[in-house]
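Below is one structure, written out as structure tokens; the observations come after it.
In what follows, chains carry the letters A, B, and so on, assigned in the order in which the sequence lines appear, proteins first and then strands, with residues in each chain numbered from 1.
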Protein chains: 2
Amino acid sequence: MSSPRRTTIYDVAREAGVAASTVSRALNNPRRVNPATREHVLAVAERLGYRPDPLATALQSGHKATIAMLVPDITNPHFFGTIRGAEKRASEAGLTFILANTEESADNERNQIERLSRSVDGFVLAASRMQEATTRELAREYNLVLVNRQVEGLPSAVVDNGAGSRQIVEHLASLGHRSLVYLSGPHRSWPAAQRWRALRAAAEAHGMTARRLGPFPPRVEGGGVAADAGLGAGATALVAHNDLLAIGVLRRLAERGVPVPGQVSVVGYDDIFGADLCAPALTTVAGPHEEAGRAAVELLTRKGSLSRSQPAPQQVVLSSHLVIRRSTGPAAR
Amino acid sequence: MSSPRRTTIYDVAREAGVAASTVSRALNNPRRVNPATREHVLAVAERLGYRPDPLATALQSGHKATIAMLVPDITNPHFFGTIRGAEKRASEAGLTFILANTEESADNERNQIERLSRSVDGFVLAASRMQEATTRELAREYNLVLVNRQVEGLPSAVVDNGAGSRQIVEHLASLGHRSLVYLSGPHRSWPAAQRWRALRAAAEAHGMTARRLGPFPPRVEGGGVAADAGLGAGATALVAHNDLLAIGVLRRLAERGVPVPGQVSVVGYDDIFGADLCAPALTTVAGPHEEAGRAAVELLTRKGSLSRSQPAPQQVVLSSHLVIRRSTGPAAR
DNA sequence: CAACATTTGGCAATCGCTTGTCATTCAACA
DNA sequence: TGTTGAATGACAAGCGATTGCCAAATGTTG
């Protein structure tokens with residue numbers, strides 16, 4: 001199974017005719033060693049196929065070169081972009097990337113953090129379900145960066161759905177809609193609150209009425225009840241918490257023979273893969289989620305190195321925009 | 001930032017009035033220590049909130065409790081099921097789950113394996129791009145389990161697209177098709193070869209002619225050329241290497257005003273999220289990919305513990321089946 | 001050529017935990 | 001009561017790296 005034995009710095013040292021500490025210094029503290037010696041050591045290391053053991057290194061130095069990303073639901077296509085961006089950035093930075101599912105549970109999230117804490121340098125928490133207080137408390141002990149959630153005093157990278165939400169309202173208003181219904185996701189969810197706030201404010205600014213229904217499970221299956229509720233409320237425009245829910249809504253409306261956008265317009269959030277495949281193609285708010293993932297990892301790494309010189313944690317905000325497709329149209333009268 | 005200092009076995013030992021080694025044994029070698037003492041030590045550990053340091057443990061014992069999964073392209077929805085299954089199983093088994101992207105490159109794959117080798121107990125290689133010889137060679141040094149690829153002598157979990165492929169042919173034959181065209185993925189790809197083999201054999205058995213075109217990039221963007229090529233070949237049935245390609249084909253056909261399934265039937269593989277959203281909904285081969293992910297991790301863990309008693313590596317084969325939707329219909333005459 | 005400043009390299013401790021070895025204790029047996 | 005054997009717990013040596021401290025070597029200057 002595993003090889004007879006791995007090459008250690010001692011092997012390199014012996015082979016190069018120097019002390020182990022010299023090898024170590026040649027490898028990561030270049031100026032402490034003679035360039036010629038360094039060269040030689042490096043050559044020997046190369047020849048012997050030496051690879052430092054990350055565990056031994058981490059045990060001694062505390063630097064794990066590893067980060068973990070916690071996601072409420074790996075299944076949800078919404079996170080793919082974020083995961084991808086984070087993985088990419090981590091890989092570029094030479095960091096090992098641990099991915100863990102928290103199954104939508106705050107407890108689980110906390111447990112994972114504690115379980116992994118010894119193995120990683122920090123955490124990227126995507127759409128964290130934990131309470132603000134808990135998060136803040138954990139942040140005192142661990143390196144945390146939030147994605148798509150803001151907590152004062154903590155670093156975060158979010159896609160601001162405010163802009164997209166305003167664009168939804170402008171779009172709907174220009175199509176003659178006088179009201180809209182927001183089919184909400186979990187009320188606890190930070191983006192849900194953020195979206196609803198922006199929608200309501202923008203609606204008011206445009207003289208439209210806005211109502212919130214729900215919460216609905218933010219998945220395709222949730223679309224059934226959500227659509228029925230929206231229809232029951234006599235809405236001409238349904239803004240779903242996310243694309244998954246919107247797609248479910250679309251399905252239910254098709255089942256009930258309700259023409260979209262003839263009778264009802266439907267809008268989603270996230271622009272997930274599939275949003276432009278469904279019929280009718282979904283009008284939705286797209287955001288640079290991959291970018292958010294990258295930014296979060298960036299914040300995490302920066303935080304570690306500059307910890308002292310950078311007292312104010314950064315809050316990266318990325319802007320979103322509306323992608324108009326086929327599921328929205330002039331208000332029925 | 002990081003806490004003042006973590007609780008170690010020494011803290012526990014002191015507090016419990018025993019030696020550190022006793023604490024260690026109480027924790028993982030129960031029979032070597034008096035039940036009463038053990039009880040006491042455990043209680044103290046609990047009270048002090050002691051958590052073993054995985055790195056220190058791993059450094060000493062070699063048991064990392066961590067596995068890595070290497071995927072050619074995190075972006076590809078095809079892998080989501082497999083990733084999810086693997087992550088779940090790993091989490092259930094108390095294993096830390098590392099996810100890495102290999103960017104479709106065999107070299108990258110190999111590098112990642114070597115880079116991570118010291119940090120993990122084994123690897124799950126999804127749709128590995130490496131040559132058989134390379135894979136075998138690496139398998140002598142590292143714990144590998146393949147997913148959706150088989151190499152003799154190595155453990156693997158695959159979704160057998162043979163069954164699904166035969167069902168495609170039966171389905172098409174029953175609809176009166178006399179020929180089919182396989183729009184191939186990368187010729188190097190193991191599933192591509194497997195699919196084509198099964199399609200050709202089944203076609204022959206049904207007196208149909210089968211042709212292979214390509215390779216095409218197995219992504220939506222590849223659909224353009226693939227569709228044109230298929231049309232050029234005068235096909236009545238296009239079997240695309242995967243759903244992504246099939247969706248691209250569908251798009252191109254729509255663009256060109258070719259009715260589906262009126263003039264041409266289209267079939268995909270994988271049944272990814274979105275396959276039933278597109279218009280027309282895609283007929284495709286679905287397989288238990290999540291199951292394959294689970295199985296792979298299972299094989300990996302089993303392999304580690306029973307290494308000696310289980311000389312013959314297991315090859316798990318899971319069956320696939322055709323999901324008939326709207327993109328296939330009677331052959332145009 | 002002597003004396004001093006500056007590099008450069010080696011020794012040994014340490015990170016937190018596991019584990020082989022050995023001394024001690026205690027029970028049971030003759 | 002003396003002897004043997006099984007249990008039990010303490011000691012100490014690593015696992016593979018980093019790093020503070022000091023000695024040796026080198027170069028520079030008067």
Of all pairs that satisfy salt bridge (Lys or Arg N to Asp or Glu O under 4.0 Å), the ones with a partner from residues 10-23 of chain B, not counting sequence neighbours: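 Output for this query lists B:Arg5-B:Asp11, B:Asp11-B:Arg14, B:Glu15-B:Arg47.
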
Who pairs with [X] by side-chain hydrogen bond (donor to acceptor under 3.5 Å, both in side chains), at least two apart in sequence or on another chain?
| X | value |
| --- | --- |
| B:Glu87 | none |
| B:Asp160 | B:Gln194 |
| A:His78 | A:Asp270 |

Angle, rounded to 10°, between the helical axes spanning five pairs at each terminus of the helix from C:dC1-D:dG30 to C:dA30-D:dT1?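 Here the local axes at opposite ends form an angle of 50°.
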
Set of residues satisfying salt bridge (charged side-chain N to carboxylate O under 4.0 Å, His left out) with respect to [X], sequence neighbours excluded:
| X | answer |
| --- | --- |
| B:Glu103 | none |
| B:Glu114 | A:Arg51, B:Arg110 |
| B:Arg149 | none |
| A:Arg129 | A:Glu104 |

If a protein heavy atom is under 4.0 Å from the base, mark B; if only from the sugar-phosphate, S; if neither, -; do that for nucleotides 16-23 of chain D going 5' to 3'. BBBBBB--

Those residues that, when tested against A:Glu290, pass side-chain contact (heavy atoms from CB on, under 4.5 Å) (two or more places apart):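 So A:Glu290 forms a side-chain contact (heavy atoms from CB on, under 4.5 Å) with A:Arg84, A:Lys88.
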
Heavy atoms of chain B, cut-off under 4.0 Å: which first and last nucleotide of DNA chain C, 5' to 3', fall inside that, if you could look?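 Under 4.0 Å from chain B, the extent on DNA chain C is C:dG16 to C:dT21.
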
